[in-house]
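These notes concern the structure reproduced below.
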Amino acid sequence: MSLIRFFTASLRRAIMLVLLLAVLPALGIILFSGIARYSDSSAHIREKSEISAQRFATRLQIVAEHAESLLLSLSQTPETRLFNMEGLSRLFRNLLHADPSFSSFFLMDPTGVIQASSFPLSARGGSPERDILRSALKRNAFSAGALQPSPGGGEPALHFTLPLMDRRNKLLGILGLGYPLAFFASLFEEEDLEAQGLGCLLDSEGTVLAVSSPSIPARPGDLCREELWRRISSFGGEDAGFFPYTFASSGQEYLVFFRRTRLYPRGDPYMYVVFCFPAEQAYDAPFRLLVRDLLLTALAALLAFTAGSYLIEIGFSRSVGILVRAAKSLRQGDLRTRVGADAPLYGEFAELGAEFDAMAGVLERRNRELARARDAATASSKAKSEFLANMSHEIRTPMNAIIGMSYLILKTDLAPQQRDYVLKIQDSATLLLRIINDILDFSKMEAGKLGMEHVDFHLETVLKNFLADLEQKAEARQIRLISRLGEGLPGNLRGDPLRLTRALTIIALEAMSRCAGKILEFSCSLPPRNRSPLTLRFAFTLPGTSLSGEALALYRQYLEGEEPGGATTSSGMSLTLCRRILQFLGGMASVAVTGDPAVVFSLSAQFHRGERARRSFRGERVLVLDADAGDLAASLAALSAMKLAPEGCGLLQEASERLRAAEGAGAPYVFFLLDLARDQTRPSRIVRRVKGEWGLARPPLCILEVSPTLSQTPAELYEAGVDAIVPKPVNPSLLEDTLLDLLDNGAEDSGNGDPGAGDPGVGEEKEFSWPESGSAASRGEPC
């Protein structure tokens, strides 16, 4: 125990020695600075005078700005504009009564005669005020006059004047107001001039305008004008000066500081703010400050020694060490760390330990809540994806009928009003379908299952269909569409035309929503020296349109970078989908603003060259199997418009009989289109029957219409012998491209069940799969 006391006492003495070594130099520095301040007391007085003079000049400028504002307001009153002297005099008297800090208000004519004022005038009018008139006419603007008696008599006052001019810049009169000397003397009282200090305000000729002591008269020639003004004038054009001076009249020595300033910042005359301090007082003040600093320093040293001893006694270092170790453990992820109520902490450290334990408990509880919320969010996201997948067919099946039937109606003879109605129905249905597709594709992106296909297509046909659709949308928005296709564009390409059209449509719709000049320019070009894969560049230019910095940054976040935080709008979701599609196509999107001004949305995508030229239909026979009468009629009409020879049936047995009968007659069907939307459990079995079990020598090409809720994967369907897959609802243009692709690629020999082998144009996929879902509910036996 004695050893512990020895170490404790030694530690206490060491700490006190350190404190002593730190305090003694501080005392020495304070003492040295006090002595230096005492020896250079004139610098202290000068610093104090500069601060006081600056504050005083600022107040004078505020007074002048207030006077100018008041005179400008008076110059705009109806009494002044009409020169209603009686009404103007009444207004002046009301102002003087409302604010007694003014001495007078007056209006004089160009000869100096007072026409209206806040004081009574004789029957012949006011007497000429030549001094005020001369001072006002020196500057043809707002000015501050010299010290003069108030018009009509009274105490001397400093006058502010404002000339009144007509439209021809002719002087009509002078509007003025006066401040009494007592007002300016009160400004000196706000400054700390000590007991013997003196402050005064001089004009540019040395006239005393105001003094801090009312016992000193403020008239020209007072305050030893010849002596003091001669010394101030000897500084020439300097704005400030400081010098010791002994007044001959009293024999007392003063330290004098003056600053030249304008009473009004933008004009003359110059005013001089002068401060005089007795020399004896100037040297006494630093000594008092020195004594005060020494006493405060000694008191601070005593408190420091006491506090140091107290902190050492209560175990400062030990308490801090315990808390630091607990904080490190918490930082490393151990949320069960606690200081504990029995920890050897004292005073405030014990309270800090308790708060630390409470904080660790809150963190542990919130961590568990976050884990539960994360699990719930994951389950909710999975449920959302499953819901979207299961509901996609229910939503998109009626959309197929709406779009298909409106497409057929538009090909008939309609009245203009009827055509307008049908066009609006088709546009709304297409827009709704696009939103549904965006939501579904966005859900696929979140699940990492966005699929891309590689098929042969004709670029001119894709662009023609896209521009035709874009022309209708632009015409509905009263936007002029200009398309420019570059030279040397390839004819046949290999890639995903549907996704390309999707990306172009998203950017085109966004560009039309921003089009301010009512002109949209579309261009497609092939950069020079472009080898396979070919990189095509597309651009949407909006002349006469500009974007704010915030909108440009938001576009760049969606198209070029990560999605911004917060809620994602439908437009943001579409732009994000466009960026992901272009990434799959080996390209990118960007937006820029030129100085014309114009906004340019740019896209790029990579494609391989196609191998065969596309051919057209020549009345090939098509058998459509669909249990729904409405969908069957829409499909037959769309195929007839493609110059095909379609036939329909609703039962599988009827389809089998027709296929055998057609082959027996020597005119087999080329295509067999199956809609298994309501019976998705047997597509592989049906296709195997068509390809082999029914004994057909030349089985038709099987095209399967499916929704994303199909329980079988595309690989299983292709293995069963499916030649092509088209999503529901079927787009007539997409269906036409699919059938032409099958003809172009010689798919009549594709009945071997392996569409990918030796046939690069059919159904080649890139990471294509549908979201997982439950088994689709069967609604009967349509086949």
Side-chain angles (χ1 to χ4, degrees), residues 37 40-68 101 143-147 158 160 179-218 220 222-225 227-247 252-286 289:
R37 184 166 55 240
D40 194 14
S41 57
S42 60
H44 170 72
I45 293 297
R46 178 171 184 172
E47 179 181 0
K48 179 178 180 181
S49 302
E50 285 182 357
I51 296 174
S52 299
Q54 185 62 38
R55 285 201 299 262
F56 191 89
T58 302
R59 293 190 180 99
L60 291 180
Q61 292 174 1
I62 293 174
V63 170
E65 291 174 0
H66 178 260
E68 182 187 20
S101 61
S143 63
L147 182 71
L158 186 61
F160 293 89
Y179 279 92
L181 289 183
F183 174 82
F184 292 95
S186 64
L187 297 181
F188 283 105
E189 296 176 1
E190 298 178 14
E191 302 297 332
D192 185 13
L193 300 179
E194 301 293 343
Q196 303 297 328
L198 177 64
C200 59
L201 180 66
L202 308 179
D203 63 7
S204 59
E205 298 176 358
T207 303
V208 180
L209 301 180
V211 293
S212 60
S213 176
S215 61
I216 301 178
D222 295 328
L223 200 61
C224 304
R225 174 184 178 185
E227 299 176 9
L228 185 59
W229 178 246
R230 189 181 302 113
R231 185 63 184 275
I232 293 175
S233 301
S234 64
F235 282 83
E238 295 183 13
D239 291 333
F242 183 78
F243 56 91
Y245 189 78
T246 302
F247 287 98
Q252 187 175 3
E253 183 181 2
Y254 280 81
L255 296 178
V256 179
F257 174 84
F258 75 92
R259 172 175 289 279
R260 184 175 66 172
T261 184
R262 291 185 179 95
L263 197 59
Y264 181 65
R266 298 190 298 273
D268 292 332
Y270 284 112
M271 301 295 172
Y272 289 87
V273 181
V274 183
F275 289 92
C276 304
F277 291 89
E280 181 180 359
Q281 175 189 351
Y283 289 106
D284 289 340
L289 292 175

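Worth knowing before you read on, the calculation uses all heavy atoms, side chains too, and leaves out hydrogens, waters and symmetry mates. If you read the sequence from its start, that first residue is 1, and numbering goes on from there. Please read all numbers here as calculations on a predicted model, not as lab measurements.
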Task: Centroid separation Phe258 to Phe275 less than 6.0 Å - done: no
- [ ] Please find out if less than 6.0 Å separates the ring center of Phe160 from that of Tyr179.
- [x] yes
Task: Tyr272 six-ring centre to Arg259 NZ/CZ under 6.0 Å and within 45° of normal - done: no
Task: Heavy-atom pair of closest approach, residues Val256 and Cys276 - done: CG2-SG, 3.9 Å
Task: Contact check, side chains of Phe56 and Thr261, non-hydrogen atoms, under 4.5 Å - done: no
Task: Gap between atom CD of Gln54 and atom CD of Glu50 - 0.5 Å precision - done: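 Answer for the CD-CD pair, Glu50 versus Gln54, is 9.0 Å.
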